[in-house]
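Everything on this sheet refers to the single structure shown next.
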Amino acid sequence: MLTFPIKSQIATLSRAVNGSTNTKYLISSLPLQFARGKRTKRTVTVSAGTQRIITQLSVISARKKVPRVLKLSNEDLIRHDTVQRAWTLFQREKRQQQDEQLSKQYDSIINALEDLKAVAPELYAVANKKEKGKRFPLEARIPVDYPPNKIWYYDVAKDESK
Amino acid sequence: MRLTVGGARFFSSTRAAAGKAGCNTVAPVHHTVKIDKNRLSPRFPGLQHSKLDIRHPGYKPTSTYQDRVAEYYSNSVQSDLLLINAQHGESRQPGYKRREWDGSSPFHLNRSLRKPKGSDAETPDIKPHSAANVPKIEAIHINCYVEQAKDNVNHAISALVQLQQITGVKPKPIYSKTNVLHWRVRAGYQMGASVVLKGRPMHQFIATLTEVVFPRIRMFKGVSNKSGDTLGDIQFGLRPDDVKFFPEIEQNQDNWSKTYGFHVNVVTSAQTDAEARTLLSAYGIPFYGSEKGVKPENVEY
């Protein structure tokens with residue numbers, strides 16, 4: 001056995017890991033050598049704090065998170081493209097409608113103020129004042145799918161006993 | 001001597017090639033044109049498409065859920081804001097601009113312009129309000145500077161992970177820029193993280209902040225009416241204890257024994273801070289304190 005050079009020993013070991021060699025070469029009295037691809041047991045232990053940082057670093061690493069690219073046939077691709085275009089078109093039309101609505105609203109605000117200026121200048125002065133410090137009511141909520149049954153407790157009173 | 005006159009062959013029309021002194025005045029461009037070598041390679045055909053194409057490996061579907069905050073804005077807030085801000089007979093108000101010198105000295109001739117009156121920097125003009133410039137929230141910048149990171153960089157990493165957990169967007173580490181002796185900070189230290197939120201993650205963050213976090217902060221008064229950079233951006237901060245109320249942190253308290261406070265800058269398209277505050281109040285952000293230019297009797301709540 002000792003006639004084998006070390007290099008060939010390593011080669012045999014690494015091939016043995018792949019499971020594609022004769023088993024007779026494995027019988028050896030030489031100590032085990034490092035072979036690429038062979039798993040070794042981790043002996044270094046780290047403190048809990050360091051381990052937490054290692055975990056956190058793995059959380060922010062992009063390596064494990066990139067999903068596979070979808071394999072789409074030509075038909076899938078056309079289908080996806082059609083849906084995508086339709087969705088874009090739908091959104092664009094919706095946006096244009098909203099913009100049109102807004103500019104109509106603006107025009108009517110300005111028209112109303114012009115009329116008011118001609119009819120009642122003192123009312124116009126009040127109506128055209130800058131509303132600095134204006135706030136939306138605190139009760140205003142961003143709508144949700146499932147609102148609570150009782151939305152706002154209007155009669156809430158400060159508990160004097162506490 | 002029989003090839004050309006004077007023994008020089010004219011391969012190029014430049015003066016140097018013609019054997020004359022001088023230099024080429026045409027700047028070379030070959031190293032200023034950036035070439036993305038990934039796109040030249042035939043190995044990755046997916047990279048030839050734009051990132052919005054589903055065949056690109058970086059494709060990320062965005063409109064996968066209903067964006068209720070965006071709908072709330074377009075369905076009710078936008079038209080209200082238009083009405084609140086609309087003014088009849090408005091004209092463009094020029095901002096602070098750099099001024100000409102009066103020419104009393106001959107040295108004024110090539111001197112750079114004077115600073116604006118009452119300001120160090122120029123400010124933009126305030127344009128008349130219209131349907132096209134209704135204020136809206138454009139982005140939220142979150143900046144988390146961790147002081148302890150100067151001794152232990154692990155704090156900066158944890159702060160970065162915390163921001164990612166809260167916002168769902170990958171933050172960028174921030175580094176100290178200069179040496180500050182009495183802070184014991186040197187240039188180049190990783191000191192925390194920052195993230196810019198836009199679109200859906202931004203709306204998600206606003207909703208969580210105003211519906212989950214703010215109502216549970218003890219003795220919470222709101223955002224100061226004095227906050228703002230005069231150009232329509234509002235800033236406030238969250239303390240480490242407040243951050244614990246974010247559901248991502250609260251549900252996983254074992255791993256978040258230490259949390260990090262951060263600064264939030266809400267970038268809006270409003271032209272003044274007062275308009276920006278009106279806009280933010282629509283999302284349920286309360287304000288406290290006296291506001292500049294508003295009489296106390298006119299305050300609504």
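Residue numbers begin at 1 in each chain, while the letters A, B, ... track the order of the sequences.
Counting heavy-atom pairs closer than 4.5 Å to chain A, the top residue among B:S79, B:G89, B:G46, B:A132 is B:S79. Here B:S158 is the residue among B:S158, B:G284, B:G58 with the most heavy-atom pairs under 4.5 Å with chain A. Ranking B:N154, B:N85, B:V69 against chain A, the residue ahead of the rest is B:N154, based on heavy-atom pairs under 4.5 Å. Chain B forms the most heavy-atom pairs under 4.5 Å with one residue out of A:R95, A:K117, A:H80, and that residue is A:H80.
Contact between B:L82 and A:L102 at its shortest, heavy atoms only, is CD2-O, 3.5 Å. Looking at every heavy atom in both residues, A:L138 comes nearest to B:P286 through CD2-CB, 4.0 Å. The shortest heavy-atom contact between B:N75 and A:Q98 is OD1-NE2, 4.4 Å. In plain terms, the two heavy atoms of B:T278 and A:F136 that are nearest each other are O-CD1, 3.4 Å.
Salt bridge annotation for B:E291-A:R135: present, with a cationic side-chain nitrogen under 4.0 angstrom from a carboxylate oxygen.
The distance from the CZ atom of A:R52 to the OG atom of B:S257 is 5.0 Å, given to the nearest 0.5 Å. Separation of atoms CD1 (A:I109) and CG (B:L83) is listed at 4.5 Å; rounding is to 0.5 Å. Atom CG of A:L57 sits about 9.0 Å away from atom CG of B:L160, to the nearest 0.5 Å.
In this structure, the portions of A:I110 lying under 4.5 Å from any heavy atom of chain B include both its backbone and its side chain. For chain A, no part of B:S76 is nearby; none of its heavy atoms comes within less than 4.5 Å. Within the 4.5 angstrom heavy-atom criterion, atoms from both the backbone and the side chain of A:E114 approach chain B. Contacts of B:Y73 with chain A are absent, with no heavy-atom separation under 4.5 Å from either backbone or side chain. With a 4.5 angstrom heavy-atom cutoff, A:D99 does not touch chain B via any of its atoms. For chain A, the nearby part of B:Q165 is the side chain; its heavy atoms alone come within less than 4.5 Å. Contact annotation for B:L279: neither backbone nor side-chain heavy atoms come within less than 4.5 Å of a heavy atom of chain A. In this structure, the portion of B:Q66 lying under 4.5 Å from any heavy atom of chain A is its side chain and not its backbone.
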Stepwise ring-ring contact (aromatic ring centres under 6.0 Å, His included) test for B:H129 and A:Y106: CA-CA 9 Å; B:H129 297 93; A:Y106 180 75; 9.1 Å; no
Decide yes or no on side-chain contact (heavy atoms from CB on, under 4.5 Å) for A:R141 and B:Y72, but give the supporting numbers first. CA-CA 9 Å; A:R141 289 279 176 277; B:Y72 171 59; over 6 Å; no
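Side-chain N or O atoms of A:K134 include none that pairs as donor or acceptor with a backbone N or O of B:I84 at under 3.5 Å. Looking only at distances, a side-chain donor or acceptor of B:Q87 sits under 3.5 Å from a matching main-chain atom of A:N128. Side chain of B:R68 to main chain of A:I142: a donor-acceptor pair is present (N/O by atom type, distance under 3.5 Å, no hydrogens or angles).
In this structure the side chain of B:R55 never reaches within 4.5 angstrom of the side chain of A:L72, judged on heavy atoms.
In this structure, B:K136 places its NZ atom where only 12 or fewer heavy-atom neighbours from other residues, nucleotides or ligands lie under 6.0 Å away. Counting heavy atoms of neighbouring residues, nucleotides and ligands inside a 6.0 Å radius, atom CD of A:E139 exceeds 12 of them. More than 12 heavy-atom neighbours from other residues, nucleotides or ligands sit within 6.0 angstrom of CG on B:D151.
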